[in-house]
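The structure appears right after this line, and notes come after that.
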Amino acid sequence: MAFRGVDYYEIGELLSDEEKLVQSTVRSFVEERVLPDIARHYEAGTFPESLIGELGQLGLLGAFIDGYGCAGMGPVAYGLILQELERGDSGLRSFCSVQGSLVMFPIHSFGSEEQREKWLPRLARGEAIGCFGLTEPDFGSNPGGMLTRAQRTKDGFVLNGTKRWITNGDVADVAVVWAKLDGMVRGFLVEKGTPGFSARRIHGKFSLRASVTSELFLEDCLVPETALLPGVEGLRGPLTCLNSARYGIAWGAIGAAMACYECALGYAMDRRQFSRPIAGYQLVQHKLVEMLTEITKAQLLCLRLGRLKESGRLRHTQVSLAKRNNVVQALHIARMARDILGANGITYEYPVARHLLNLESVYTYEGTHDIHTLILGQDITGISAFE
Ligand code: TGC
Ligand code: FAD
């Protein structure tokens with residue numbers, strides 16, 4: 001039976017007609033095009049590349065950008081897209097988060113007109129893929145310490161450094177690379193094939209297996225003057241992109257949680273142990289109720305976040321609260337669902353273990369759970385506990 005959503009508080013009523021249409025369109029896309037094949041991709045450790053063009057045709061790449069061939073949707077519609085995609089798999093949502101929030105967003109917000117015209121229409125159609133290189137082997141939670149350096153030359157800049165854990169790194173046509181120029185963090189657009197730029201796939205992941213993760217190497221990599229993103233200086237640049245991506249993750253985590261809840265509820269109704277379906281036992285009902293409660297709270301949090309973003313009042317610390325809460329709750333929900341499924345919970349036949357393992361990465365990337373605790377702690381006390 002087709003998925004009808006989890007909406008205990010009739011939150012759908014608070015959506016505009018456009019938002020409802022976007023949600024139902026992406027939901028059908030996930031049902032028809034993603035779910036039939038995603039477990040096979042996960043097992044094989046491959047990203048479903050054939051879907052990239054379709055994501056572009058549906059306007060889901062950089063959907064929140066106006067112009068340059070992008071769909072110009074509002075923040076709630078963007079959130080709903082990521083929620084539905086992550087009900088399919090976090091890897092698919094990751095692809096859209098990186099392409100939209102971490103590549104198209106900085107080109108749109110900080111790029112020159114020439115950079116926007118060159119890249120945004122192709123990235124929107126899915127004809128080009130982008131990646132975002134901030135994290136380094138020795139600098140994850142503290143990107144401000146990055147070792148990657150840019151030096152001016154007479155023709156442009158020479159880049160040196162290594163980036164690690166980069167989604168889409170070795171399949172990207174353009175990498176947004178953050179490097180220090182004269183001690184200041186700056187963004188550079190490094191094109192595939194540039195001499196001195198190479199990428200290597202990271203294998204052996206338990207999590208996000210249907211997503212490409214790579215290492216980037218910049219070895220005396222010469223890029224032209226036009227590679228520099230002119231519109232931003234300092235760590236504020238990459239962190240502003242992260243706000244957009246974290247916003248999407250807060251929504252996306254609800255999708256993974258809904259998939260786990262729906263699966264656990266259906267399983268509990270069918271599975272008989274002792275005298276009746278396990279859904280009839282109080283301990284199982286308690287877990288199902290916990291799941292539904294946390295999904296409902298997360299939905300309300302996101303809708304409010306989206307409306308604040310729409311009105312231009314959203315603070316990045318509010319995004320941290322939602323990313324932190326929704327991902328950890330989705331992880332708890334996935335664990336409870338796995339428990340309800342018993343031995344079947346560890347198989348590929350059900351989506352639960354796949355979501356559970358994916359969420360382990362989501363918990364860590366885009367600012368770990370604890371980094372968001374510290375961001376919020378600093379906001380409410382005025383005291384930094386990072387150092
Ligand atoms: P700090 O001194 O606090 O700030 C430096 C400058 O940045 C400004 N700022 C922000 N601006 C916009 N948005 C934010 N969220 C901002 N947070 C801080 C700040 O005002 C300051 O500006 P200025 O103009 O005064 O210079 O910086 P810090 O070095 O102490 O670090 C702060 C900290 C720890 C919160 C930050 O570094 C952080 O968020 N760390 C976590 C790193 C992270 O999230 N990495 C993610 C990498 S990308 C990724 O994971 C993609 S996953 C892909 C997928 O979805 O598949
Ligand atoms: P660390 O920073 O070493 O943290 C390890 C532990 O220490 C964590 O529990 C953390 O919370 C804790 N910790 C760190 N500092 C403190 C402190 N001050 N106080 C208390 N506890 C602390 N990065 C990109 O740039 N681009 C990408 O596209 C990208 N994609 C990714 C895809 C995947 C699948 C994964 C797993 C990661 C990806 N990342 C990407 C990297 C991701 O952003 C980092 O993994 C993340 O920022 C954490 O950095 P780290 O792994 O180095 O952990």
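Each ligand, and each atom within it, is numbered from 1 in the order the structure gives.
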Response to the item:
Taken in chain and number order and not counting sequence neighbours, the residues that satisfy salt bridge (charged side-chain N to carboxylate O under 4.0 Å, His left out) with D220 are none

Can you give the donor-acceptor pairs under 3.5 Å from side chains of residues 48-57 to other protein atoms, not counting sequence neighbours?
unit_1: E54; atom_1: OE1; unit_2: R33; atom_2: NE; d: 2.9
unit_1: E54; atom_1: OE2; unit_2: R33; atom_2: NE; d: 3.1
unit_1: E54; atom_1: OE2; unit_2: R33; atom_2: NH2; d: 2.6

Of the backbone atoms (N, CA, C, O) and the side-chain heavy atoms from C-beta on, which set of [X] has a member under 4.0 Å from an atom of ligand 2: side chain, backbone, both, or neither?
{"X": "I166", "value": "both"}
{"X": "H369", "value": "neither"}
{"X": "T135", "value": "both"}
{"X": "N168", "value": "neither"}

Fill in: Atom of L301, atom of A322 and distance for their closest heavy-atom approach
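So the minimum-distance heavy-atom pair works out to CD2-CA, 4.1 Å.
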
Under 3.5 Å: N or O atoms of ligand 1 paired with protein N or O:
unit_1: ligand 1; atom_1: 13 (N); unit_2: N243; atom_2: ND2; d: 2.8
unit_1: ligand 1; atom_1: 15 (N); unit_2: N243; atom_2: OD1; d: 2.9
unit_1: ligand 1; atom_1: 15 (N); unit_2: H316; atom_2: ND1; d: 3.2
unit_1: ligand 1; atom_1: 39 (O); unit_2: R246; atom_2: NH2; d: 3.0
unit_1: ligand 1; atom_1: 40 (N); unit_2: S141; atom_2: O; d: 2.9
unit_1: ligand 1; atom_1: 44 (O); unit_2: R246; atom_2: NH2; d: 2.7
unit_1: ligand 1; atom_1: 44 (O); unit_2: G367; atom_2: N; d: 2.8
unit_1: ligand 1; atom_1: 50 (O); unit_2: E366; atom_2: N; d: 2.9
unit_1: ligand 1; atom_1: 55 (O); unit_2: R93; atom_2: NH1; d: 3.4
unit_1: ligand 1; atom_1: 56 (O); unit_2: S94; atom_2: OG; d: 2.6
unit_1: ligand 1; atom_1: 56 (O); unit_2: T167; atom_2: OG1; d: 3.2

Worksheet entry | Results of side-chain contact (heavy atoms from CB on, under 4.5 Å) for I65 - residues two or more places apart only |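 With neighbours one apart ignored, the set is C70, M104, H108.
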
Practice prompt. Please work out which of T368, D370, V212, T364 has its closest non-hydrogen atom nearest to atom 8 (C) of ligand 2.
Written response: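 Shortest heavy-atom distance from atom 8 (C) of ligand 2: T368.
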
Worksheet, complete the sentence: Restricting to heavy atoms, the pick from L102, V177, L208 nearest atom 34 (C) of ligand 2 would be L208

Practice prompt. Flag the pair R4 and E31 as a salt bridge only when some basic side-chain nitrogen lies within less than 4.0 angstrom of an acidic carboxylate oxygen.
Written response: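 Not counted as a salt bridge, because no side-chain N and carboxylate O are separated by less than 4.0 Å.
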
Discussion item. Looking only at distances, can you tell me whether any N or O atom of F132, backbone or side chain, sits closer than 3.5 Å to an N or O atom of ligand 2?
Written reply: yes

